[in-house]
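Note sheet for the following structure.
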2 protein chains.
Amino acid sequence: MIGSDVIRGYCDTILLSLLAQGDSYGYEISRAIRERSGGAYVMKETTLYSAFARLEKRGFIASYQGRESRGRPRTYYTITAPGREYLREKLEEWRETRALMDRFTNTEEISKEES
Amino acid sequence: MIGSDVIRGYCDTILLSLLAQGDSYGYEISRAIRERSGGAYVMKETTLYSAFARLEKRGFIASYQGRESRGRPRTYYTITAPGREYLREKLEEWRETRALMDRFTNTEEISKEES
DNA sequence: TCTAACTACTACGTCAGACATAGTAAATAA
DNA sequence: TTATTTACTATGTCTGACGTAGTAGTTAGA
């Protein structure tokens, strides 16, 4: 299970990564995250939609109303050029963070004995 | 540069990892993090000491006063058995998070063209 | 001896992001 | 008409990382 504290700061990156593969909408993204994580991480609706709002406000994504012939109309999101640039930066930051964490944790021998 | 939002949730893990290698104190840990990250991450003093307080409160570390012959006396921290167990869990969570992030980001071809 | 620099902290307050809780709303199936 | 699935919105909480500021002991140098 992945806790909210450790995923914090990566939600936006996950969303942008998914939108970089094509326009999508809330429910679909939600499902994609759950499925692609094998259930290890489920992004809450409030987290998801507030992230959308934040990203749109910053100009990293744009939205438009879909015209489905069936079902409630959805709001689709699309990544913008600044959004792709931001994603690139975030991916670089992710790589740095990963390298840092690996440096601090790989080396450890966590022995069981003594306090 | 690693931002505070992406490091959030990993500070405790970093500290415990370092303490798992041997008892230490604030300044030394602070220096170790700065140096071992090549300056990419500098944990602020307030962050460091409040993390110590939090971890001690939860029983994951214990403290004792050092008796140095020179310099201001320091507070040393040592990892406890529950602390080692907690560290193991956090390291597992880190591996899961890393796998998740890699799954979401590795696949992406971030092309530069179009919005 | 005065000051600066280094070491080793503490207090207080801010802020943002993830989430809990709860409700709204449209369409379809039974 | 009721339940179910989809598709959201509003409001508030909580925590952790950090900004700002100050305290305090020790040592080195002028």
Side-chain angles (χ1 to χ4, degrees), chain A residues 1-16 23-34 37 40-58 60-61 63-77 90 93 97 100-101, chain B residues 1-16 23-34 37 40-58 60-61 63-77 90 93 97 100-101:
Chain A
M1 265 293 125
I2 293 169
S4 59
D5 274 333
V6 302
I7 206 69
R8 184 173 169 149
Y10 298 110
C11 286
D12 289 9
T13 308
I14 291 171
L15 295 183
L16 289 175
D23 296 3
S24 190
Y25 54 95
Y27 225 76
E28 191 177 57
I29 292 223
S30 178
R31 252 186 294 115
I33 293 172
R34 189 174 57 249
S37 73
Y41 179 57
V42 178
M43 193 181 286
K44 299 293 143 50
E45 282 175 279
T46 40
T47 301
L48 179 67
Y49 289 109
S50 62
F52 278 151
R54 182 171 56 243
L55 289 169
E56 186 162 28
K57 199 173 173 189
R58 299 178 70 182
F60 297 147
I61 60 175
S63 64
Y64 57 90
Q65 294 305 310
R67 305 193 190 151
E68 351 290 329
S69 50
R70 47 189 59 251
R72 183 179 168 177
R74 304 160 181 146
T75 302
Y76 281 83
Y77 294 94
K90 284 309 228 178
E93 192 183 22
T97 306
L100 177 68
M101 281 301 290
Chain B
M1 266 292 123
I2 293 168
S4 59
D5 275 333
V6 301
I7 206 68
R8 186 175 167 145
Y10 299 109
C11 287
D12 290 8
T13 308
I14 291 172
L15 295 184
L16 290 175
D23 296 2
S24 191
Y25 54 95
Y27 224 75
E28 191 177 56
I29 292 221
S30 177
R31 252 186 294 115
I33 292 172
R34 188 173 59 247
S37 74
Y41 179 58
V42 178
M43 192 180 287
K44 299 295 142 55
E45 283 176 280
T46 41
T47 302
L48 179 66
Y49 290 109
S50 61
F52 279 150
R54 180 170 57 244
L55 290 169
E56 185 162 29
K57 199 174 173 187
R58 298 178 71 182
F60 297 147
I61 60 175
S63 63
Y64 57 90
Q65 295 305 309
R67 306 195 188 148
E68 351 290 328
S69 49
R70 48 190 56 248
R72 185 179 168 178
R74 305 157 180 152
T75 302
Y76 281 83
Y77 293 94
K90 284 309 231 179
E93 191 182 21
T97 305
L100 176 68
M101 282 300 291

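Naming convention: chains lettered A, B, ... in sequence-line order (proteins, then strands); numbering from 1 in each chain. Hydrogens, waters and symmetry mates are skipped; everything else that's a heavy atom, side chains included, is used.
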In this structure, how many angstroms lie between the [atom2] atom of [N] and the [atom1] atom of [X], rounded?
{"X": "A/L48", "N": "C/dA18", "atom1": "CG", "atom2": "C1'", "answer": "12 Å"}
{"X": "A/F52", "N": "D/dA7", "atom1": "CZ", "atom2": "C1'", "answer": "11 Å"}
{"X": "B/Y49", "N": "D/dA21", "atom1": "OH", "atom2": "C1'", "answer": "16 Å"}
{"X": "A/L15", "N": "C/dA18", "atom1": "CG", "atom2": "P", "answer": "9 Å"}
{"X": "B/D12", "N": "D/dA17", "atom1": "CG", "atom2": "P", "answer": "6 Å"}
{"X": "B/Y27", "N": "D/dT26", "atom1": "OH", "atom2": "P", "answer": "16 Å"}
{"X": "A/K44", "N": "C/dA22", "atom1": "NZ", "atom2": "C1'", "answer": "15 Å"}
{"X": "B/K90", "N": "D/dG16", "atom1": "NZ", "atom2": "C1'", "answer": "12 Å"}

Per [X] side chain, nearest of listed nucleotides [options]:
{"X": "A/S4", "options": "C/dT7, D/dC8, C/dA18", "answer": "C/dA18"}
{"X": "B/T46", "options": "D/dA7, C/dC19, D/dT20", "answer": "D/dT20"}
{"X": "B/D5", "options": "D/dA17, C/dA16, D/dG19", "answer": "C/dA16"}
{"X": "B/E45", "options": "D/dC18, C/dA18, C/dC9", "answer": "C/dC9"}
{"X": "B/R74", "options": "C/dA18, C/dA8, C/dA20", "answer": "C/dA8"}
{"X": "A/P73", "options": "C/dA26, C/dA8, D/dA7", "answer": "C/dA26"}

Mind checking whether [X] and [Y] have side chains closer than 4.5 Å, heavy atoms only?
{"X": "A/I29", "Y": "A/M43", "answer": "no"}
{"X": "B/Y10", "Y": "A/M101", "answer": "yes"}
{"X": "A/I14", "Y": "A/I7", "answer": "yes"}
{"X": "B/L15", "Y": "B/Y77", "answer": "no"}

Check the pair B/R34, B/S30 against side-chain contact (heavy atoms from CB on, under 4.5 Å), reporting the backbone distance first and the verdict last. CA-CA 6 Å; B/R34 188 173 59 247; B/S30 177; 4.2 Å; yes

Counting the atoms with a prime plus P, OP1 and OP2 as sugar-phosphate, which does B/T75 contact under 4.0 Å by heavy atoms, base, sugar-phosphate, or nothing? sugar-phosphate

Legend entry - First of A/Y76 and B/Y10 reached from the 5' end of DNA chain D, by closest nucleotide: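 Nearer the 5' end of the strand: A/Y76.
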
**Prompt:** B/Y41 side chain N/O closer than 4.0 Å to the phosphate oxygens (OP1, OP2) of D/dC18?
**Reply:** yes

task: Examine D/dA17: is either OP1 or OP2 under 4.0 Å from a nitrogen or oxygen in the side chain of B/R54? Give yes or no.
output: yes

### Message
Tell me if the side-chain of B/R8 makes a donor-acceptor pair with the base of D/dT15, cut-off 3.5 Å, by modelled atom types.
### Response
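Yes.
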
